Peer 1: 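What follows is a single structure, and I will ask about it in a moment.
Sequential numbering from 1 along the given sequence is applied to the chain's residues. Counting starts at 1 for both ligands and their atoms, in listed order. All of these numbers come straight from a predicted model, not from anything done at the bench.
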Amino acid sequence: MISEKQRSAEAACEYVKDGMIVGLGTGSTAEFAVKKIGELVRNGLSIRGIPTSDATKILAESEGIPLIDFSETMFIDLTIDGADEIDANLNMIKGGGAALLREKIVASASREEIIIVSGSKLVQQLGAFPLPVEVIPFGWQVVFNQLESLQGNPELRLKQGQPSVTDQGNFIVDCHFRKIENPEQLEQHLNMIPGVVENGLFINLCTRMIMADGENIIIKNRNLN
Ligand code: 5RP
C-alpha cells in the first residue's frame, strides 16, 4: 500500500504538463513528487526543473530531470512542495527541512504552488510546529534575544552539537509560539528584525492543497477573490 505522502505527490504530478518550468520542493513528501516527475521525464515528458535545495538538486539530477536556475527564467509554471502545517486558508509553516528560504523564493516566482500533505498536516491554527527563522550567523544571539522578547521561545537548531547550517550558509532558530494568532502580521514582524533572512510562514503562496487522508484525496483551491 502506498503512503499518504506518495499518493498526494502523485496526484499533484498530474498537473505537470509538457513544456512547463517546474519548481521542485524539499522534504520527504516532495521527494515522492521529484521521483514521479523523473519517471515521467524518462517516459518522454519535457520539462525543466528548479530545485529548492541542494538535496533536491542531487535527487533531481539522479532522476535525469533537466534543471535550470533563475538566470534563465523569472517565472515558474508550477511548483510542488510539502509543508509542516497548513490551515484552512492555505497558509503554512514550512522549513522543517531547513529549505525555507529557497522554497519561498521559488513559491513567490510560481504561477501555481501545489502543496502536498498527509491529513495530519492540516491544523486549525498554525504554531504547534516550531516556526523556523533563518538568521545570518553574525549576531544571531541578538536576533535570538529579540525572538525571546516576542515570546517565541527560540531554540537554535543543532546538528551533531553544532549550529545546523542551511544551503545559504545561515543558521535556523526554531520558535515555539504554540499558537499563532495573526500569521500575516508575525511574518512581516519577524522579517523586520535585522539579521533575519526569512521565516517559515508562507502566507497567500499556496494556490492548491492536495491532501491524502486515508483513502481519500482532498483538493482545496485558494479563493482568489
Ligand atoms: C522543507 C519543508 C518541507 O516541505 C516540510 O518540512 C515538510 O517535509 P516532509 O514532507 O518531510 O514532512 O518545508 O524546508
Peer 1: If you look at every heavy atom in Ile37 and Cys13, which pair is closest and at what distance?
Peer 2: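 So the two residues come closest at CG1-SG, 3.9 Å.
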Peer 1: Walk me through whether Glu113 and Thr207 qualify under side-chain hydrogen bond (donor to acceptor under 3.5 Å, both in side chains).
Peer 2: CA-CA 5 Å; Glu113 171 92 356; Thr207 55; over 6 Å; no
Peer 1: Can you pull out the closest protein heavy atom to atom 1 (C) of ligand 1? Residue, atom name and distance to 0.1 Å, please.
Peer 2: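 Atom 1 (C) of ligand 1 sits closest to the protein heavy atom Glu103 OE2, 3.2 Å.
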Peer 1: May I ask you to establish whether Lys94 and Phe202 are in a cation-pi arrangement, using a distance under 6.0 Å from NZ or CZ to the six-membered ring centre and at most 45° from the ring axis?
Peer 2: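 Judged by the rule, Lys94 and Phe202 form a cation-pi pair.
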Peer 1: Provide the number and element of each atom of ligand 1 under 4.0 Å from a heavy atom of Ala98.
Peer 2: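 Close to Ala98: 14 (O).
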Peer 1: Need the ligand 1 atom indices (1-based, order shown) with element for anything under 4.0 Å from a heavy-atom of Gly27.
Peer 2: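 Result: 11 (O).
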Peer 1: Verify the neighbour count for atom CZ of Arg208: are there more than 12 heavy atoms of other residues, nucleotides or ligands below 6.0 Å?
Peer 2: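 Counting neighbours around CZ of Arg208, more than 12 heavy atoms of other residues, nucleotides or ligands fall under 6.0 Å, so yes.
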Peer 1: How does Ser53 reach ligand 1, if at all, at less than 4.0 Å between non-hydrogen atoms: by side chain, backbone, both, or neither?
Peer 2: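 For Ser53, there is no contact with ligand 1 at all, from either part.
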Peer 1: Taking only heavy atoms of Gly82 into account, list the atoms of ligand 1 that are under 4.0 Å away from them.
Peer 2: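 Those qualifying, in numeric order: 4 (O).
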Peer 1: Looking only at protein heavy atoms, which one is nearest to atom 9 (P) of ligand 1, and how far off is it?
Peer 2: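 Nearest protein contact, heavy atoms only, for atom 9 (P) of ligand 1 is Ser28 OG, 3.3 Å.
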Peer 1: Could you state the interatomic distance from CG (Asn89) to SG (Cys206), rounded to the nearest 0.5 Å?
Peer 2: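 Between atom CG of Asn89 and atom SG of Cys206 there are 11.0 Å.
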Peer 1: In terms of residue, atom name and distance, what is the protein heavy atom nearest to atom 10 (O) of ligand 1?
Peer 2: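 Result for atom 10 (O) of ligand 1: Thr29 OG1, 2.5 Å.
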Peer 1: Quick one: do Gln188 and Glu184 satisfy side-chain hydrogen bond (donor to acceptor under 3.5 Å, both in side chains)? Show the steps, please.
Peer 2: CA-CA 7 Å; Gln188 289 175 19; Glu184 289 89 345; over 6 Å; no
Peer 1: If you have a sec, work out which protein heavy atom is nearest atom 3 (C) of ligand 1 and how many Å separate them, to one decimal?
Peer 2: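 I find the closest protein heavy atom is Thr26 O, 3.2 Å.
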Peer 1: Report, in ascending order of atom number, the atoms of ligand 1 lying under 4.0 Å from any heavy atom of Asp81.
Peer 2: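 The atoms of ligand 1 under 4.0 Å from a heavy atom of Asp81 are 4 (O).
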Peer 1: Would you mind reporting whether Pro51 and Leu67 have side-chain heavy atoms less than 4.5 Å apart?
Peer 2: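 Sidechains of Pro51 and Leu67: in contact.
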Peer 1: If I apply the N/O under 3.5 Å rule, does Ala99 come out as touching ligand 1?
Peer 2: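 N/O-N/O distance below 3.5 Å exists for this pair.
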Peer 1: I'd like to check whether Gly95 has a polar contact with ligand 1, where a contact means an N/O of the residue lying under 3.5 Å from an N/O of the ligand.
Peer 2: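 Yes - when backbone and side-chain N and O of Gly95 are compared with those of ligand 1, one distance drops under 3.5 Å.
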Peer 1: With side chain to side chain contact (heavy atoms under 4.5 Å, CB included) as the test, pick out the partner of Met211 among Ile86, Asn216, Ile218.
Peer 2: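 Single side chain to side chain contact (heavy atoms under 4.5 Å, CB included) partner of Met211 among Ile86, Asn216, Ile218: Ile218.
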Peer 1: Compute the minimum heavy-atom distance from Gly25 to ligand 1 and say whether it is under 4.0 Å.
Peer 2: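 No, that is not the case, since the closest heavy atom of the residue is not under 4.0 Å from the ligand.
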Peer 1: Who's the nearest protein heavy-atom neighbour of atom 12 (O) of ligand 1, and how far?
Peer 2: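 Protein heavy atom at minimum distance: Lys121 NZ, 2.8 Å.
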Peer 1: Can you check whether Leu24's main-chain N or O pairs, donor with acceptor, with Thr52's side chain at less than 3.5 Å?
Peer 2: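 It does hold such a pair.
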Peer 1: Using a strict cut-off of 4.0 Å, indicate which atoms of ligand 1 neighbour a heavy atom of Asp84.
Peer 2: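 With Asp84 as reference, the close atoms of ligand 1 come out as 5 (C), 6 (O), 7 (C), 13 (O).
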